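Can you keep this structure in mind? I'll have questions shortly.
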Protein chains: 2
Amino acid sequence: MDENKANKRVGIKDIAKEANTSIASVSLVINGKDNGKVADKVKKRILEAIKKLNYQPNLNARTLKSGDSVLIGLIVPSITNHFYPELIKGIMQRADELGYYIVIFDSENDFAKEEAYVRTLRSISAKGIIIAGVYDDDGREERMFHELKEQGVPLLQVDRFNPIHQLPYVGLDNYQASYEMTKYLLSIGHERIALLMPQGKQYIIEERRRGYEKAMKETDHDIEDGIFYLDAIHFSNLDDCVKNIIESPKRFTAIYDANGDISAIEVIKELRKNDLIVPDDIGVTGFDDVYVSALIKPALTTIRQPKYELGKNAMDLMKQIIDGNNTENMGIQLKGQLIARGSVSVIL
Amino acid sequence: MDENKANKRVGIKDIAKEANTSIASVSLVINGKDNGKVADKVKKRILEAIKKLNYQPNLNARTLKSGDSVLIGLIVPSITNHFYPELIKGIMQRADELGYYIVIFDSENDFAKEEAYVRTLRSISAKGIIIAGVYDDDGREERMFHELKEQGVPLLQVDRFNPIHQLPYVGLDNYQASYEMTKYLLSIGHERIALLMPQGKQYIIEERRRGYEKAMKETDHDIEDGIFYLDAIHFSNLDDCVKNIIESPKRFTAIYDANGDISAIEVIKELRKNDLIVPDDIGVTGFDDVYVSALIKPALTTIRQPKYELGKNAMDLMKQIIDGNNTENMGIQLKGQLIARGSVSVIL
DNA sequence: CTGAAAGCGCTTACAG
DNA sequence: CTGAAAGCGCTTACAG
């Protein structure tokens, strides 16, 4: 079976022969590096030959020789997380415009996989790596990031960033968004607000906690025993969290799930199992604003993340890094938007 | 700025020097092609050197020389379509196990883009291409597919297939699934069922129509004027479609939206705008079973597509094609599963 | 302005 | 069993 063997592809050599010139001139023309270096007549012949023979450059050869690749690596923790496809689309579309293409990986929130994929990306000489990191407490990820930086690999954190890494990033202003959500809940009369957080020590999650605390404290509200920690990946302790919240002597009137909308929807389901009605008995708000959030009953009050914009900005910044512009300590934080819907009611 | 310049990477040459042997032996060991050709002692030294110097093979060089790439191209019509992320995950996970990685593209249902991406994939010598094609009426896509086949590029259709292309594919048994959906509706008392279809001439959609017609005809039900065509991408004429259905003298009791669940949800919204209650006044069923389908009220009755399995099977078949096994006319059709929920009620 | 030549890091016959 | 050498398709100084 040699059916899979590609017909001999036309190369720069064939173009040179067809156009009756040297391969050097052909290369120059292809790469637009002929500023008067190639005679117009010759250039025209080359262009015609390229069209005639339907020439496609061999990018492996180009990358091997010049070190320049058109491939950008993208590692996300879970492509089926409703948050990512739109962000990925933003990255892809901008990448396409800039002449780059995306090699995509799903780390499944597993650092070992993330690390292996980074290695793969180095093997294919990817021009840069964009990472939405795993939950990581023990500093291995940070060490890997810095190793990459030292090796001169353009690296960018997206969504899951931490400024402490001293690496460029694109993400949300989680502090501000969370502050606004909490202020909103307070403004419609909720005084005892439970904050549900993913377990682990992600910076962006800590920022959400800080925003909540700021809003609560500056209005003299008690936050003691108000924070609950959820297994954000498998929701394995979600029933316990909900139980602890509804049985708390604090008598919470609202749950702000900083873990995201899908998580908030699961919380609503669990509340129903406990015969509690949302929003009448207790309010629930989320984070992200995914497609389903507006469709469920009651529709979910949440923070909208500009997912597509996040992706677009990420690729733009990656381009800056690749071009060697000074991106030292450069971080972009986009604003979230409060979307008030029906999952939390107004208390007099 | 030469910060982006990678430190000189360690190559096969460095390993040879470190292990005090030739680069040929190193290459043999790396590729597992040393069957007693390399002395155990030497092999051990090579392995140690690889570990010590943290060697990563340059896959561009390997691909250039041997023609073997680890990259598989994947082109989907819309990554934000709720159907695809899980399918992509299936492909990615299986690819990873097989030592391949995915370069992903979103054609945005635009054939010109699809074609450009195929060209890019050829440029990077991708080992194979998996495509969920665009809606395409004029045969350009089919022509491109055959050109690729002639050129010996491993090619596979996923989800959006058409057996007429004589190309391997992995998709759903749409005929059977649609037949079952229609039979189900008939079995619970619906006699006048409107079929909502995407415009265009996709094979898989035609199959859904065939399944519907078979079920209707074999139970002597009228299908005249029962089919409505929707702009499946932008839903631009969805209001008209719904209007035509509810104002039809046929007095339909159910709408089977073969365009998918997201479309069916939009139909439900539109019915509500017309003060019609689902399922009491009219039933609605969908296709795909995405995450949101179970969450809305009423929960959507639909056909579950095994998305992850579709992806996994696709990558498995791609591997067969790459390996040069006989895949002539090989198509895999997985079964859909009827999921009865509350969006259509039982009629006596 | 053009052409011959080196070399990117590999793989793979081939000679010893 | 090992090593020297050609060559994959490019890019890029460099000589003319």
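A, B, ... follow the sequence lines: proteins, then strands. Residue 1 opens every chain. Because the structure is predicted, anything quoted here is derived from the model rather than measured. Both backbone and side-chain heavy atoms feed into the values below; hydrogens, waters and symmetry mates do not.
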Could you give the CG-to-P distance, from B:Leu53 to C:dG9, as a whole number of Å?
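Taking atom P of C:dG9 as the reference, CG of B:Leu53 is at 15 Å.
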Given side chain to side chain donor-acceptor pair (under 3.5 Å), test B:Asn162 with B:Tyr169 step by step and report yes or no.
CA-CA 8 Å; B:Asn162 189 340; B:Tyr169 65 82; over 6 Å; no
When you compare the side chain of B:Asp159 with that of B:Leu310, does any pair of heavy atoms fall below 4.5 Å?
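Contact flag for B:Leu310/B:Asp159 side chains = no.
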Under 3.5 Å, is there a donor on one side chain and an acceptor on the other for B:Glu108 and A:Gln93?
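Checked: B:Glu108/A:Gln93 side chains pair up, N/O donor to acceptor below 3.5 Å.
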Should the ring pair B:His165 and B:His146 be called parallel, tilted or perpendicular, given that the plane angle runs from 0 to 90° and is split at 30 and 60?
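Perpendicular, since the angle between the ring planes exceeds 60°.
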Using a strict cut-off of less than 4.0 Å between a Lys/Arg side-chain nitrogen and an Asp/Glu carboxylate oxygen, indicate whether A:Lys44 and A:Asp40 qualify as a salt bridge.
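No salt bridge links A:Lys44 with A:Asp40.
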Using a 4.0 Å cut-off on protein heavy atoms (strictly under), produce a 5'-to-3' string for nucleotides 10-16 of chain C with B for base contact, S for backbone-only sugar-phosphate contact, and - for none.
BBB----
Remember a base hit wins even if backbone is also touched, and classify A:Thr63 as base, sugar-phosphate or nothing at under 4.0 Å, heavy atoms.
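Result for A:Thr63 = nothing.
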Can you measure A:Lys17 atom NZ to C:dG3 atom C1' for me and round it to whole angstrom units?
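It works out to 16 Å between those atoms.
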Is there a donor-acceptor contact under 3.5 Å linking the side chains of A:Arg9 and B:Gln151?
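Checked: A:Arg9/B:Gln151 side chains show no N/O donor-acceptor pair below 3.5 Å.
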For A:Leu64 and C:dG7, give me the distance from atom CG to atom C1', rounded to whole Å.
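Answer to the nearest Å: 9 Å.
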To the nearest angstrom, how far is B:Asp68 atom CG from D:dC8 atom C1'?
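Interatomic distance, CG of B:Asp68 to C1' of D:dC8: 13 Å.
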Using purine N1 to pyrimidine N3 plus N6-O4 or O6-N4 for Watson-Crick, or N1-O2 and O6-N3 for G-U wobble, each under 3.5 Å, what pairs with D:dG16?
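When the pairing criteria are applied, C:dC1 turns out to be the nucleotide that pairs with D:dG16.
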